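Treat the numbers as computed from the prediction; the structure is a model and nothing was measured.
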Amino acid sequence: MRLDKYLCETGFGTRSQVKALLKKGLVSVNGEPEKRPERKVDEHSDIISCGGKAAVYSEFIYLMLYKPAGVLTARSDRREWTVFDLILAELRRDLSPVGRLDKDTEGLLLLTDDGPLAHHLLSPRHHVEKVYFAQVRGELREADILSFQEGLDIGDERKTLPAKLEIQKSGAESEALVTLHEGRYHQVKRMFQAVGCEVLYLKRLSMGSLALDESLAPGEWRRLREEEIALLKKEEGSRDESGDTN
């Protein structure tokens with residue numbers, strides 16, 4: 001495998017960012033400085049570090065994708081681009097998206113082959129926080145904050161779970177942050193519809209402890225860093241041990 005590709009896949013940045021790190025002399029292979037992005041490495045035996053941090057393959061693959069608007073959260077489609085068209089072909093086979101983002105919604109999407117972690121992040125009993133930024137047509141009021149807290153009737157059999165609405169701008173067009181603990185079909189859009197507003201733009205910023213890397217451009221991805229994986233695993237373990245279903 002090429003060294004620059006290896007570093008990208010172990011969470012050290014995009015191809016251009018990795019090449020900059022190599023140029024600065026921050027990368028070593030088996031203890032020797034290496035600046036050539038085309039250097040071939042063995043991901044199973046070579047010892048590679050960048051800026052003093054080990055670049056190590058993990059048991060599972062964890063990819064953070066900045067999903068752009070206009071792309072489907074699906075494995076394949078005959079007519080439209082999907083999130084799997086945006087990542088390396090050799091990584092696609094065993095990965096699954098953790099949750100879905102609507103075609104016109106952008107932002108954080110995690111893809112992994114770690115089934116237990118994906119189940120934890122998606123299970124309603126764990127109530128993992130998901131934070132969205134929304135621009136809407138219509139004026140948001142203080143009363144809407146209470147409505148989100150109390151749960152809204154969005155046409156399902158039951159109201160939504162309590163959610164947090166933080167109004168950042170209010171007027172003919174408003175802006176807000178929304179924190180959810182569940183993931184129903186078109187939920188954010190339907191919640192705003194329930195208070196008389198129409199979503200114009202929607203972006204997912206975080207899921208649990210994992211926040212979107214804003215250095216990624218829409219359509220770009222990277223492997224999760226070791227500390228990001230560790231935090232997700234820690235949350236998974238603490239929730240499972242406590243049996244928390246609130």
Side-chain angles (χ1 to χ4, degrees), residues 14 63-74 77 79-86 97-111 121-124 126-222 228 246:
T14 62
L63 301 186
M64 176 192 296
L65 171 70
Y66 186 158
K67 178 195 171 298
V71 175
L72 300 178
T73 305
D77 190 271
R79 291 171 293 183
E80 302 193 62
W81 275 71
T82 77
V83 294
F84 283 89
D85 294 318
L86 302 175
V98 181
R100 303 177 66 86
L101 291 178
D102 298 339
K103 179 181 176 181
D104 55 354
T105 299
E106 65 178 58
L108 173 67
L109 186 66
L110 174 64
L111 299 104
L121 291 171
L122 294 174
S123 174
H126 291 135
H127 297 183
V128 174
E129 285 191 353
K130 292 172 280 287
V131 180
Y132 296 81
F133 170 75
Q135 293 177 332
V136 302
R137 180 179 290 116
E139 184 177 357
L140 290 171
R141 301 176 174 85
E142 291 297 316
D144 298 323
I145 296 176
L146 182 59
S147 295
F148 272 64
Q149 287 176 343
E150 293 178 340
L152 290 161
D153 181 354
I154 59 172
D156 292 342
E157 294 181 355
R158 54 184 173 82
K159 286 186 176 183
T160 61
L161 293 175
K164 184 178 182 181
L165 176 68
E166 300 173 75
I167 301 172
Q168 298 186 323
K169 174 185 173 183
S170 184
E173 291 188 1
S174 302
E175 297 178 357
L177 293 177
V178 181
T179 302
L180 305 180
H181 298 87
E182 57 183 339
R184 304 191 201 179
Y185 180 71
H186 288 173
Q187 181 170 346
V188 177
K189 295 175 182 177
R190 294 160 70 196
M191 290 177 77
F192 278 111
Q193 288 174 352
V195 296
C197 295
E198 177 190 1
V199 171
L200 303 174
Y201 171 80
L202 190 61
K203 178 180 180 180
R204 183 157 69 191
L205 303 178
S206 65
M207 173 184 283
S209 63
L210 186 64
L212 178 65
D213 185 341
E214 293 292 354
S215 70
L216 294 175
E220 290 186 338
W221 60 272
R222 66 167 174 80
E228 292 170 327
N246 295 321

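Using a 4.5 Å heavy-atom cutoff, the side chains of Val131 and Arg204 are not in contact. When side chains are defined from C-beta on, Leu210 counts as touching Leu110, because their heavy atoms get closer than 4.5 Å. Looking at heavy atoms from C-beta onward, Tyr201 lies out of side-chain contact with Thr105 at the 4.5 angstrom threshold. Side chains of Tyr185 and Arg190 form a contact here, defined as non-hydrogen atoms less than 4.5 Å apart. The shortest distance between side-chain heavy atoms of Ile145 and Ile167 falls below 4.5 Å. Within the 4.5 Å cutoff, side-chain heavy atoms of Leu180 are placed close to those of Val188. The closest side-chain heavy-atom distance from Phe84 to Pro97 is below 4.5 Å. When side chains are defined from C-beta on, Arg184 counts as touching Asp156, because their heavy atoms get closer than 4.5 Å.
Closest non-hydrogen pair, Leu86 versus Leu65, comes out as CD1-CD1, 4.1 Å. Here the closest heavy-atom approach between residue Val199 and residue Leu202 is recorded as CG1-CB, 4.0 Å. Contact detail for Val178 and Leu165: the closest heavy-atom pair is CG2-CD1, 3.9 Å. Closest non-hydrogen pair, Asp77 versus Thr82, comes out as N-CG2, 3.7 Å. Taking each heavy atom of Pro68 and Gly219 in turn, the nearest pair found is CD-N, 3.7 Å.
Judged purely by atom type and a 3.5 angstrom limit, Glu150 has no side-chain atom pairing as donor or acceptor with the backbone of Ser147. In this structure, the side chain of Arg222 does not engage the main chain of Thr14 through any donor-acceptor pair within 3.5 Å. A donor-acceptor pair under 3.5 Å is absent between the side-chain atoms of Arg137 and the main chain of Glu198, judged by distance alone. In this structure, Thr179 contributes its side chain and Ala163 its backbone to no donor-acceptor pair below 3.5 Å. In this structure a side-chain-to-backbone donor-acceptor pair under 3.5 Å is present from Thr160 to Leu152. Remark: the backbone N or O of Leu140 is paired with a side-chain donor or acceptor of Ser174 at under 3.5 angstrom. Under a 3.5 Å cut-off, the side chain of Lys67 and the backbone N or O of Pro218 do not form any donor-acceptor pair. The main-chain N or O of Asp104 is never found under 3.5 Å from a side-chain atom of Asp102 such that the two would form a donor-acceptor pair.
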From CA spacing to verdict: side-chain contact (heavy atoms from CB on, under 4.5 Å), Phe148, Val195 = CA-CA 9 Å; Phe148 272 64; Val195 296; 4.2 Å; yes
Verdict with supporting geometry, His181 and Val128, side-chain contact (heavy atoms from CB on, under 4.5 Å) | CA-CA 5 Å; His181 298 87; Val128 174; over 6 Å; no
Does the side-chain contact (heavy atoms from CB on, under 4.5 Å) test come out yes or no for Gln168 and Leu177, once each step is laid out?
-> CA-CA 7 Å; Gln168 298 186 323; Leu177 293 177; 3.6 Å; yes
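Atom-to-atom distance recorded for Leu109:CG and Trp221:CH2 is 13.5 Å, nearest 0.5 angstrom. Distance check: Ser209 OG to Glu228 CD gives 8.0 Å after rounding to the nearest 0.5 Å. Met64 contributes atom CE, which lies 12.5 Å from atom CD of Glu220 (distance to the nearest 0.5 angstrom). Between atom CG of residue Asp144 and atom CE of residue Met191 there is a gap of 10.5 Å, rounded to the nearest 0.5 Å. Rounding to the nearest 0.5 Å places CG of Leu205 at 12.5 Å from CD of Glu129. The distance from atom CG of Leu72 to atom CG of Asp85, rounded to the nearest 0.5 Å, is 9.0 Å.
Under the salt bridge (Lys or Arg N to Asp or Glu O under 4.0 Å) criterion, Lys103 pairs with Glu80, not counting sequence neighbours. Tyr66 pairs by the side chain to side chain donor-acceptor pair (under 3.5 Å) definition with Glu106, Lys203, not counting sequence neighbours. Considering only residues two or more places apart in sequence or on other chains, Gln187 meets the side chain to side chain donor-acceptor pair (under 3.5 Å) condition with Glu182.
Taking the charged nitrogens against the carboxylate oxygens, Asp153 and Arg158 have no contact shorter than 4.0 Å, which rules out a salt bridge. Ion pairing between a basic and an acidic side chain is recognised when a charged N comes within 4.0 Å of a carboxylate O; Glu139 and Lys169 show no such pairing.
Annotation: Glu214, atom CD; neighbour count of heavy atoms from other residues, nucleotides and ligands within 6.0 Å is above 12.
The aromatic ring centroids of Tyr132 and Phe192 lie 6.0 Å or more from each other.
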